[in-house]
2 protein chains.
Amino acid sequence: MPHTLLIDTEPSLSYAVPPPPLTLRQMRATCTDCAMQQLCLPMGLEKADKNLLDKIIRNRHRICRDESLYQIGDPFKNLYAVRFGHFKTYQINASGKQQITGFQMAGDLLGLDAIGASRYQNEAVALEDSEVCEIPFAGLDTLFGHAPGLLHNFHKMMSQEITREQNVMLLLGTMRAERRFAIFLDNLSSHYMRRGRCANTFQLRMSREDIGNYLGLTNESISRLFLRFKQHGWIKADKREVHLLEPDVLKALASGTKSCLPI
Amino acid sequence: MPHTLLIDTEPSLSYAVPPPPLTLRQMRATCTDCAMQQLCLPMGLEKADKNLLDKIIRNRHRICRDESLYQIGDPFKNLYAVRFGHFKTYQINASGKQQITGFQMAGDLLGLDAIGASRYQNEAVALEDSEVCEIPFAGLDTLFGHAPGLLHNFHKMMSQEITREQNVMLLLGTMRAERRFAIFLDNLSSHYMRRGRCANTFQLRMSREDIGNYLGLTNESISRLFLRFKQHGWIKADKREVHLLEPDVLKALASGTKSCLPI
DNA sequence: CGCGGAATTGAAAATACTCAAAATTAGTGG
DNA sequence: CCACTAATTTTGAGTATTTTCAATTCCGCG
């Protein structure tokens with residue numbers, strides 16, 4: 001399973017050199033073979049339907065760190081499925097400041113918010129060198145009539161996106177910073193678990209600033225939260241490497257059952 | 001246009017008596033006649049497609065104030081389009097507290113978050129005596145193959161729901177309370193405008209507590225914000241009746257361009 | 001080795017919360 | 001229609017958490 005290997009491998013941390021060009025086999029990667037099948041549009045589809053999908057997905061792109069996949073206001077043409085790597089999406093509010101609306105990883109679909117207005121409502125930026133499948137929406141649309149299973153999956157993914165965002169609202173509606181942070185870590189953990197990665201050890205792909213922005217807190221607060229959680233022995237954290245030592249305590253904090261004093 | 005009249009009329013404020021049973025004509029109300037056409041699933045459809053939709057929408061329900069339309073975990077069967085009235089949807093977080101995820105009014109679709117998991121992820125409660133169209137999702141699904149325009153509208157509405165929620169995230173990511181509150185009022189205003197109502201004068205349908213919950217603030221804070229905005233002369237507010245006297249100032253506050261001192 | 005962005009730390013200031021009490025309003029029944 | 005009760009809203013004072021602003025350290029990268 002060469003593709004599994006490819007995806008589970010953490011990309012190198014040296015971002016100085018541009019990523020190597022795709023090999024032919026990578027370019028030819030199909031939904032049929034993709035390791036993200038179970039999370040992405042082809043989930044559970046019959047071979048024939050997956051082949052239809054493979055026919056319209058002509059392009060897979062490498063996006064380098066800090067490069068943007070699309071910008072706010074760009075006319076909507078494609079959805080993008082993340083093959084590997086991480087992205088952040090953000091809007092610009094009226095006073096020009098960014099607000100991060102989500103972090104996306106392998107198996108996630110980018111651009112769903114653009115369908116309604118025919119323009120992208122967010123900017124999507126790669127947090128590391130990443131790869132996406134370009135899914136022309138017009139093509140997808142024509143498939144819907146022929147592959148009901150695909151249409152179901154699409155509706156499922158849109159609906160899940162709505163649910164996911166409601167959960168973020170749940171997070172942001174929570175007032176205490178320690179709780180927001182615990183929810184954030186717990187969410188990350190379960191995302192990695194669902195993707196077959198280790199749930200308790202991972203590399204953060206985003207800066208403290210980004211985390212703060214996402215959680216409605218300052219980067220200083222994030223820094224202090226890391227310290228506090230480390231001092232309590234709940235996590236080990238060195239730079240962007242994080243180990244959850246007491247996932248249950250984090251869950252308790254996240255649920256509001258438990259709380260901790262500052263300092 | 002009898003239906004327009006029906007919808008534009010503010011429901012009586014005396015909630016003691018149960019709403020009168022629907023008249024026959026109200027029961028027979030069709031998408032073809034509905035005043036919410038331009039915002040709801042039938043927007044821009046040809047007559048034939050609207051008729052298809054009318055065939056599957058058999059039931060329209062009156063929901064009394066404080067009654068719930070569906071509960072968290074109920075198996076997903078129907079979407080509901082709000083015909084008139086107001087709803088709130090909320091989730092219950094792990095420690096058992098409510099978090100309001102949205103307020104819905106005429107033309108909005110309820111239940112989109114349930115498609116992915118086949119169960120409702122929220123509870124939807126009427127904030128006043130309201131009426132909804134019951135849209136069986138199985139039926140809608142069978143129409144998709146025959147009415148591409150309908151499918152487009154459905155995708156558009158789902159996508160808009162995603163965008164709407166991202167805007168709430170934008171709101172909640174904002175740290176200062178006065179700004180959250182200004183955004184809240186401004187959003188309400190534009191919702192009413194889009195529905196052909198007066199943008200600057202409206203009745204709040206939700207309690208201070210609900211507003212606070214939605215905005216991640218306490219009801220005391222909401223109370224003080226009302227006072228502050230009134231003292232500045234930006235709004236007039238008596239109980240739940242609100243007049244926006246300086247909508248531009250509110251917009252400036254919402255955008256972060258302007259800010260005001262406490263007291 | 002040195003530069004620059006990111007992260008950390010400290011101290012002061014400010015905003016929003018908590019708790020408690022009072023006032024107002026909505027809903028009920030006589 | 002009025003009076004009564006419960007619920008919501010307002011107000012006040014004190015507290016706590018988080019932000020700000022500034023200075024420092026750390027680290028990756030040329």
Just jot down the ring-ring contact (aromatic ring centres under 6.0 Å, His included) partners of B:Phe181, sequence neighbours excluded, or say none.
->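 B:Phe181 satisfies ring-ring contact (aromatic ring centres under 6.0 Å, His included) with B:Phe226, B:Phe229 once adjacent residues are dropped.
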ring-ring contact (aromatic ring centres under 6.0 Å, His included) partners of B:Phe103, counting only residues at least two apart =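 In terms of ring-ring contact (aromatic ring centres under 6.0 Å, His included), with neighbours along the sequence ignored, B:Phe103 is linked to B:Tyr214.
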Residues forming a side chain to side chain contact (heavy atoms under 4.5 Å, CB included) with B:Lys97, sequence neighbours excluded |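 Once residues adjacent in sequence are excluded, the partners of B:Lys97 under the side chain to side chain contact (heavy atoms under 4.5 Å, CB included) criterion are B:Asn93.
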Nearest-Å distance for atom pair [atom1]/[atom2], residues [X] and [N]:
X        : N      : atom1 : atom2 : value
A:Arg205 : C:dA6  : CZ    : P     : 17 Å
A:Phe181 : D:dT17 : CZ    : C1'   : 17 Å
A:Arg176 : D:dT15 : CZ    : P     : 17 Å
B:Glu241 : C:dA26 : CD    : C1'   : 16 Å
A:Gln231 : C:dT8  : CD    : C1'   : 12 Å
B:Leu217 : D:dT18 : CG    : C1'   : 14 Å

Sugar-phosphate, base or nothing in reach of A:Gly216, heavy atoms under 4.0 Å |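 Since only primed, P, OP1 and OP2 atoms lie under 4.0 Å of A:Gly216, the category is sugar-phosphate.
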Do B:Val132 and B:Leu69 come within less than 4.5 Å of each other through their side chains, counting heavy atoms only?
->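 The answer is yes, as the side chains (C-beta and beyond) meet within the 4.5 Å cut-off.
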Report yes if the side chains of A:Leu253 and A:Arg179 come closer than 4.5 Å at any heavy-atom pair, otherwise no.
->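 No - every pair of side-chain heavy atoms lies 4.5 Å or more apart.
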Show every donor-acceptor pair shorter than 3.5 Å between a side-chain atom in residues 244-252 of chain B and any protein atom, with sequence neighbours excluded, or say none if there are none.
unit_1   : atom_1 : unit_2   : atom_2 : d
B:Lys251 : NZ     : B:Asp186 : OD1    : 2.8

What pairs with A:Arg164 under salt bridge (charged side-chain N to carboxylate O under 4.0 Å, His left out), at least two apart in sequence or on another chain?
->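 A:Arg164: salt bridge (charged side-chain N to carboxylate O under 4.0 Å, His left out) contacts with A:Glu161.
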List in chain and number order the residues that pass side-chain hydrogen bond (donor to acceptor under 3.5 Å, both in side chains) with A:His86, two or more places apart in sequence or in another chain; answer none if no residue qualifies.
->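 In terms of side-chain hydrogen bond (donor to acceptor under 3.5 Å, both in side chains), with neighbours along the sequence ignored, A:His86 is linked to A:Glu128, A:Tyr192.
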Could you tell me which residues satisfy side-chain hydrogen bond (donor to acceptor under 3.5 Å, both in side chains) with A:Asp210, sequence neighbours excluded, listed by chain and number?
->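 Counting only residues at least two positions away or on another chain, A:Asp210 forms a side-chain hydrogen bond (donor to acceptor under 3.5 Å, both in side chains) with A:Lys88.
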Under-4.0 Å side-chain N/O to phosphate OP1/OP2 contact, B:Arg65 with C:dG27 |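 Looking at the OP1 and OP2 atoms of C:dG27, one of them is under 4.0 Å from a side-chain N or O of B:Arg65.
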Rounded (10°) bend between the five-pair end axes of the helix from C:dC1-D:dG30 to C:dG30-D:dC1 |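 For the helix from C:dC1-D:dG30 to C:dG30-D:dC1, the axes at opposite ends meet at about 50°.
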Just the table, please: protein N/O against nucleotides 7-12 of chain D N/O, every pair under 3.5 Å.
unit_1 : atom_1 : unit_2   : atom_2 : d
D:dT9  : OP1    : B:Arg208 : N      : 3.4
D:dT9  : OP2    : B:Arg208 : N      : 3.2
D:dT10 : OP1    : B:Arg208 : NH2    : 3.2
D:dT10 : OP2    : B:Arg208 : NE     : 3.1
D:dT10 : OP2    : B:Ser223 : OG     : 2.7
D:dT10 : O5'    : B:Ser223 : OG     : 2.9
D:dG12 : N7     : B:Arg224 : NH1    : 3.1
D:dG12 : O6     : B:Arg224 : NH2    : 3.2

